[in-house]
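Each chain gets a letter, A, B and so on, in the order the sequences are listed, and its residues count up from 1. From a predicted model like this one, the values you see are computed outputs, not experimental measurements.
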Amino acid sequence: MIAILAVAAVTVGTVGLGAVGTRLARTTSDLLVASRAMTAWWNAAAISGEYLSAASFLGIAGLEMQNGVTALWQSLGFTAGYLCLLLFVAAPLRRFGSYTISDFAEARLRSPRLRALASATVLLIGGFYLVPQLKGAGLALGVVTGAPYFVGVLAVGLVVALNVGLGGMRGITYVQAFQFWLKVFAIALPACLLLIHLGGLPARAALFGDQLPSAGPKGLVVSLPGPQPVTFPAATRYTIITSPHGRATDHARHAFAGEQTTLPVGRLVLPPHAPVPVASGTTALRGSEWARPVGGGGERSPLFVYSLLIATFLGTMGLPHILVRFYTNPDGPAARHTTVRVLGLLGLFYIFPGIYGALGRVLAPQLYVTGATDTVVLRLPQAAWPGTVGNLLGAITAAGAFAAFLSTSSGLLVSIAGTISHDVWPRVSREKTTTVAIRRLRFRLGAVLGMLAPIAVAFVAQGVDIAVLVGWAFALAASTFCPLFLLGIWWTRLTAAGAGCGMVAGALVATSGILVGLALGEPSGVAGDLLAQPAIVSVPIAFLTMIVVSLRAAERPTPDAEMLALHAPEGLDLPEMGVRDPFVLGESATRAQG
Amino acid sequence: MAPDAQARGRTPPDAQARGRTPPDAQARGRTPPDAQARGRTPPDAQARARTPRDELADATEHGALYLRRLRQRQLALSLLALVAFGALVGVLPLAIDLVPQLTRLELLGIPLAIWLLVVPLPPIFLVLGALYARRADALDESFRELVRRR
């Protein structure tokens with residue numbers, strides 16, 4: 001009940017603040033004037049606030065509980081991505097004055113066709129990244145209210161589409177900065193209090209020894225809302241209660257090690273210290289395996305870890321909702337200093353998710369049975385500290401999860417809707433005579449359309465872990481936009497044809513790897529690692545294609561004006577050389593404002 | 001919105017940012033020599049010796065050369081930072097994989113490998129980023145000096 005109130009408060013507060021803020025800052029120039037008065041700390045908190053998504057808040061802890069501490073490489077990569085952004089992209093891009101990836105592609109390489117390709121890629125990546133947000137929302141609402149998964153996905157998808165369509169939230173640095181600190185508070189306070197309450201990490205044998213995840217000293221009762229296929233990692237006795245109250249239908253059973261069975265609807269009762277069965281498709285890990293960051297196969301193989309690090313390190317800059325936020329920095333050096341602060345703020349946040357994964361392994365083993373490890377951040381407080389305090393802490397994490405989900409998916413949807421309304425719409429209606437009202441209507445339709453596909457995919461991908469879905473989005477971004485930015489900013493000989501071919505090649509390799517991996521049911525071995533996390537292959541392919549095709553061009557491109565706009569320091573009083581098309585800029589401004 | 005957008009198209013928002021005196025120059029009490037001339041072309045611009053700034057503004061080959069030097073120095077700095085990052089982060093997975101002691105030895109009851117994974121890297125990113133930003137700003141500043149002086 002408290003949790004429902006907390007979630008409602010966060011949602012209403014975000015939507016409401018956004019609506020009021022948008023009314024106050026009506027034009028983009030207002031927004032820029034306001035943002036000049038903003039310090040680098042505010043900007044950094046706003047960037048971090050939009051970046052920390054369901055994957056960071058729920059996904060990492062869930063993946064850690066399931067696959068072990070190897071999941072923490074992901075949070076490392078999420079942070080390191082901003083280092084790459086800082087080193088190669090932040091200042092030049094801010095100077096160039098492009099609001100969006102599509103603007104950059106068009107203006108840097110003087111090619112409207114490349115813009116179309118970039119826009120298509122924005123839709124693909126944005127859609128991929130929205131799915132895990134929706135999945136997180138569906139799970140979170142289910143935990144808080146008991147609503148079925150699809151209700152949560154639909155309801156929250158609707159709220160976000162409404163929020164974006166009505167122009168809320170976007171561009172309001174204060175709201176995003178507030179969201180960041182809300183998220184830090186919501187993940188840090190329960191984690192710290194739980195650690196103090198438990199007196200440190202409990203049950204070290206289960207974490208680092210050779211124990212399997214097992215029922216506590218009082219046994220374990222798991223309620224099963226649907227038939228649940230499971231694997232028993234070790235021999236144990238168990239009881240299934242199928243009738244709500246009676247004992248008439250109790251079945252005492254015995255499972256042998258490795259037994260696969262489908263548990264019926266009802267309640268599973270395990271005796272004290274019995275190893276818990278795990279949902280099929282997942283593996284029960286002994287403590288020593290669980291605690292090993294690298295080593296062995298699958299998610300812990302060095303190849304997979306390196307590929308994941310490459311995807312997150314290079315992919316961050318290619319997420320559609322990241323760059324717009326950098327525009328609130330007044331100039332290039334400010335963009336640099338803001339990014340440095342982002343590194344610090346993200347480092348602070350990512351201290352905490354790992355604590356939930358570790359505690360969840362010991363205190364919430366029932367999540368292994370249903371495979372719902374993604375909900376560990378939401379469920380752990382009640383499981384570890386039954387009673388009012390646990391409920392209260394659970395409400396706090398639920399509110400934080402909703403803040404994470406709302407801010408990221410709103411940012412994504414703004415980018416998607418802007419792209420749909422500006423680039424996908426038939427060219428006929430792109431004439432300058434279109435009124436503001438029509439453009440706004442198009443943006444709203446774009447917001448609705450942009451939400452439909454991710455909702456559909458979120459239904460299908462219910463069984464895929466949040467962190468895995470996010471990993472794909474990063475792999476895709478790293479294989480397309482990262483080479484576009486790095487070569488576009490630092491290499492004069494990049495041509496539009498080269499950039500286009502490289503992006504297509506990178507996207508094809510990355511998506512086909514992911515899809516083939518899914519179709520084959522996650523094969524094991526080196527091939528499986530590469531299919532599950534294709535960045536280590538697809539990124540070099542994209543770079544090489546761009547370079548080779550560009551070098552084969554008949555004439556050398558002469559991007560002197562573009563290079564001047566990208567790299568000339570401020571304060572030289574040079575004529576403007578960045579994005580010159582007033583229509584493009586005006587449209588982008590609308591987009592940035594939402 | 002439409003006329004507003006048009007107006008903005010003519011003077012993009014960052015034109016103001018770029019025309020402004022850099023905040024650090026103000027802080028140090030320095031006035032850029034061309035601050036006075038901003039906004040209008042001096043009538044004797046042709047007569048005066050051409051400065052690197054003119055070369056840049058007129059997009060001559062000379063100006064492109066100046067800019068290329070700056071770009072290359074900035075890129076070299078970024079790549080240096082990248083190598084430092086790669087050496088620190090890139091080695092870690094392999095080290096944990098190949099050195100079993102890291103997973104066996106424990107500090108405060110937690111394996112050393114987990115400490116290595118969780119504790120040192122985020123602060124290192126922060127320090128690396130801050131050092132880089134300082135050097136990159138300094139490169140920009142020295143370019144500004146070069147362009148203004150002659």
Side-chain angles (χ1 to χ4, degrees), chain A residues 27-29 32 69 72-73 76 79-80 83 86-88 91 95 97 201 204 208 288 291-295 302 305-306 309 330-333 336-337 339-340 343-344 347 350 354 435-436 490 560-561 563-564 567-576 578-579 581-583 585-587 589-590, chain B residues 1-2 4-6 8-10 12-15 17-22 24-25 32 34 37-38 53 56-57 59 63-64 67 70-71 74-75 78 81-82 85 89 93-94 96-97 103 106 109-111 113-114 117-118 121-123 125-126 128-130 132-133 136-137 140-141 143-144 147:
Chain A
T27 65
T28 310
S29 47
L32 287 171
V69 295
L72 298 180
W73 290 111
L76 211 60
T79 316
L83 190 66
L86 167 69
L87 297 184
F88 296 103
R95 287 175 178 144
L201 285 179
R204 289 198 37 263
F208 313 124
S288 52
R292 208 156 128 198
V294 200
V305 169
Y306 277 113
L309 283 176
D331 53 24
R336 279 189 200 123
H337 290 280
T339 318
V340 173
L343 285 172
Y350 285 126
T435 60
V436 179
W490 298 101
D560 288 349
M563 285 293 151
L564 186 69
H567 296 288
E570 288 77 5
L572 294 179
D573 191 24
L574 297 171
E576 271 307 305
V579 181
D581 178 2
F583 181 74
L585 197 76
E587 187 76 11
T590 320
Chain B
M1 189 64 207
D4 192 23
Q6 295 266 330
R8 227 176 302 122
R10 255 178 271 116
D14 59 345
R18 199 172 288 228
R20 263 183 326 149
T21 319
D24 49 350
D34 57 349
R38 192 193 317 137
R53 197 207 73 82
L56 281 175
L67 195 72
L70 172 69
R71 197 179 73 229
Q74 288 282 16
L75 186 60
S78 294
L82 182 71
F85 165 84
V89 177
L94 217 54
I96 295 177
D97 191 33
T103 36
E106 292 189 349
I110 294 175
I114 298 184
L117 170 61
V118 174
L121 289 177
F125 294 167
L126 189 63
L128 205 59
Y132 161 79
D137 284 356
D140 280 354
E141 181 59 35
F143 182 79
R144 230 174 270 137
V147 165

Checklist entry - Which one of A:G354, A:A291, A:G332 has the most heavy-atom pairs closer than 4.5 Å to chain B? => result A:A291
Checklist outcome for this item: A:V340 and B:A133 have their tightest heavy-atom pair at CG2-CB, 3.9 Å
Item to check | Among the listed options A:F88, A:Y350, A:Y306, the residue most often paired with chain B at heavy-atom distances under 4.5 Å | outcome: A:Y306
Item to check | Residue pair B:Q74, A:H567: steps toward the side chain to side chain contact (heavy atoms under 4.5 Å, CB included) verdict | outcome: CA-CA 9 Å; B:Q74 288 282 16; A:H567 296 288; 5.6 Å; no
Item to check | Contact winner vs chain B - A:L86, A:T79, A:L343, heavy-atom pairs under 4.5 Å | outcome: A:L86
Next on the checklist: Nearest 0.5 angstrom please: B:L67 CG to A:D560 CG, how far?
Outcome noted: 8.5 Å
Next on the checklist: Applying salt bridge (Lys or Arg N to Asp or Glu O under 4.0 Å), can you list everything that pairs with A:R292, at least two apart in sequence or on another chain?
Outcome noted: none
Item to check | Under the side-chain hydrogen bond (donor to acceptor under 3.5 Å, both in side chains) test, residues paired with A:H337 that sit two or more places apart | outcome: B:D137
Next on the checklist: Can you tell me which portion of B:F125 sits under 4.5 Å from chain A's heavy atoms? Options are side chain, backbone, both or neither.
Outcome noted: both
Checklist outcome for this item: So, the part of B:L82 with a heavy atom under 4.5 Å from chain A: the answer is both
Checklist outcome for this item: The interface call for A:L83 against chain B, heavy-atom contacts under 4.5 Å, is side chain
Checklist entry - Which of the residues B:P111, B:P93, B:A113, B:A81 is involved in the greatest number of heavy-atom pairs with chain A at under 4.5 angstrom? => result B:P93
Checklist outcome for this item: For B:R71 and A:W490, the nearest pair of non-hydrogen atoms, with its separation, is O-CZ3, 3.6 Å
Next on the checklist: Please rank B:L121, B:V89, B:L117 by heavy-atom pairs under 4.5 Å with chain A and give me the top one.
Outcome noted: B:L117
